[in-house]
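Contents: one structure, followed by commentary.
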Amino acid sequence: MTEADTRVQPRRKGLSRRQKRAVSRGVQYAVFVAALVAFAVTADWEQLQNQFAQVDLAERMFPDIITLALKNTVLYTVSGFVFGLVLGVVVALMRLSSVGPYRWLAGIYIEIFRGLPALLIFIFVGVAVPLAFPGTEIPGGTYGKVALALGLVAAAYMAETIRAGIQAVPKGQMEAARSLGFSHARAMVSIIIPQAFRIVIPPLTNELVLLFKDSSLVLFLGVTLEERELSKFGRDLASETANSTPILVAGLCYLLVTIPLGFVVRRLEAKAGEATK
């Protein structure tokens with residue numbers, strides 16, 4: 001066998017990792033464009049316009065959809081968020097307590113209200129509470145009921161978020177506060193909790209976005225015409241006109257709030273990430 005026969009032939013190189021990624025992206029873009037073209041070609045645009053884009057129906061919704069429906073949605077969301085935040089702090093502190101029954105109660109509450117759908121909580125507040133306590137009225141009427149229902153749901157998630165934020169604060173902060181003569185309670189209120197909130201602001205803001213959408217469940221409490229939120233307002237007008245344009249307009253009003261809030265969440269998360277580097 002000659003030296004030429006024994007010489008190792010060079011291997012044929014395949015695509016590099018970067019080239020494979022580029023090909024994969026190109027295929028994904030091609031599939032996406034093909035899906036858009038297929039939709040544009042096969043969709044019945046006249047039917048879609050008739051059902052979802054009646055300008056005259058959209059104009060009828062203003063200004064009530066802003067001054068009434070959107071206003072109520074914001075009020076429901078803010079009231080539920082405030083109540084949930086206060087209750088969430090309490091439950092988080094109970095979760096971290098050295099007293100066993102407090103930890104057990106907090107754990108049971110969190111597991112139950114995180115596991116149940118928000119719809120069942122609204123039904124519970126609207127039906128079970130009046131049955132359990134006859135003659136008792138929740139302060140604030142519908143606004144109070146919504147604040148209670150949304151707050152009970154939000155507090156279960158906020159409690160775990162706040163607990164994680166408190167535990168993320170270095171233990172040396174508590175030790176330094178105690179060495180300066182602070183009581184444990186005062187150190188928690190003045191030193192630990194403010195630092196924890198700076199850590200958990202992004203996820204709490206994200207919870208606000210979720211509550212804004214969950215406020216649509218208020219219809220299960222039974223509301224008057226003046227207490228309608230965006231979803232109820234859009235559905236009522238859609239039923240009245242046998243057209244889905246009001247539902248589309250209501251959805252766009254949700255986006256007017258959720259998109260800016262989503263941008264705020266991303267900015268806060270980016271700043272938090274830069275602070276930890």
Side-chain angles (χ1 to χ4, degrees), residues 52-55 57-88 113-114 117-119 121-122 125-126 140-159 161-162 197-198 200-239 241 243-272:
F52 292 98
Q54 292 295 318
V55 177
L57 289 181
E59 291 176 346
R60 282 178 53 187
M61 301 176 70
F62 291 90
D64 288 347
I65 194 171
I66 302 297
T67 59
L68 176 68
L70 182 58
K71 181 199 73 174
N72 284 336
T73 301
V74 172
L75 289 177
Y76 293 148
T77 303
V78 172
S79 60
F81 182 81
V82 172
F83 178 73
L85 184 61
V86 173
L87 182 58
F113 283 91
R114 284 200 309 179
L119 171 60
I121 306 302
F122 272 82
V125 170
T142 300
Y143 294 97
K145 292 178 183 179
V146 175
L148 177 60
L150 286 178
L152 288 173
V153 175
Y157 293 93
M158 290 184 184
T161 300
I162 295 168
F197 267 98
R198 283 196 290 271
V200 302
I201 281 178
L204 288 182
T205 308
N206 194 52
E207 183 63 30
L208 180 62
V209 175
L210 296 176
L211 284 182
F212 186 76
K213 294 184 291 184
D214 284 344
S215 65
S216 61
L217 297 173
V218 68
L219 64 93
F220 290 97
L221 296 177
V223 294
T224 65
L225 292 177
E226 297 300 317
E227 295 171 339
R228 291 178 297 174
E229 40 68 53
L230 283 171
S231 291
K232 176 68 173 170
F233 186 90
R235 287 182 60 184
D236 286 351
L237 191 55
S239 298
T241 60
N243 190 277
S244 298
T245 299
I247 294 178
L248 177 63
V249 176
L252 294 176
C253 288
Y254 275 105
L255 294 178
L256 286 176
V257 176
T258 57
I259 289 178
L261 280 178
F263 175 77
V264 170
V265 170
R266 290 190 294 272
R267 291 293 299 170
L268 291 174
E269 288 175 343
K271 288 185 178 180

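When all heavy atoms of Met158 and Leu211 are compared, the closest pair comes out as CE-CD1, 4.4 Å. Heavy-atom minimum distance, Ala156 versus Arg114: CB-CG, 3.6 Å. Nearest heavy atom pair, residue Lys145 against residue Val125, reads O-CG1, 3.8 Å. When all heavy atoms of Leu225 and Leu68 are compared, the pair lying nearest together is O-CD2, 3.6 Å. When every heavy atom of Ile66 is checked against every heavy atom of Leu70, the shortest pair comes out as O-CB, 3.6 Å. The shortest heavy-atom contact between Pro260 and Leu255 is CD-O, 3.7 Å.
In this structure, CD1 on Ile259 lies 9.0 Å from CG on Leu252, to the nearest 0.5 angstrom. Leu219 contributes atom CG, which lies 7.5 Å from atom OG of Ser231 (distance to the nearest 0.5 angstrom). A distance of 10.5 Å separates CZ in Phe197 from OG1 in Thr161, rounded to the nearest 0.5 Å. Rounded to the nearest 0.5 angstrom, Leu210 CG and Ser215 OG are separated by 11.5 Å.
In this structure, Leu237 and Leu57 have side chains that are not in contact, with every pair of non-hydrogen atoms separated by 4.5 Å or more. With contacts defined as side-chain heavy-atom distances shorter than 4.5 Å, the pair Pro203/Tyr157 does not qualify. Between Val153 and Phe122 there is no side-chain heavy-atom pair separated by less than 4.5 Å. With a 4.5 Å cut-off on side-chain heavy atoms, Ile247 and Phe52 do not count as touching.
Listed by first and then second residue, the salt bridge (charged side-chain N to carboxylate O under 4.0 Å, His left out) pairs involving residues 60-85 are Arg60-Glu240 (not counting sequence neighbours).
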Ignoring hydrogens and angles, write down the donor-acceptor pairs under 3.5 Å from the side chains of residues 76-85, residues two or more places apart or on other chains.
residue	atom	partner	partner atom	Å
Tyr76	OH	Glu227	O	2.6
Thr77	OG1	Thr73	O	2.7
Ser79	OG	Leu75	O	2.9
Ser79	OG	Tyr76	O	2.9

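Using modelled atom types, one side-chain atom of Glu229 and one backbone atom of Lys232 make a donor-acceptor pair closer than 3.5 Å.
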Report task. Please report the C-alpha distance between Gln54 and Thr241 in whole Å, then the side-chain angles of each, then the deciding distance to 0.1 Å, and finally whether the side-chain contact (heavy atoms from CB on, under 4.5 Å) criterion is met. Result -> CA-CA 11 Å; Gln54 292 295 318; Thr241 60; over 6 Å; no
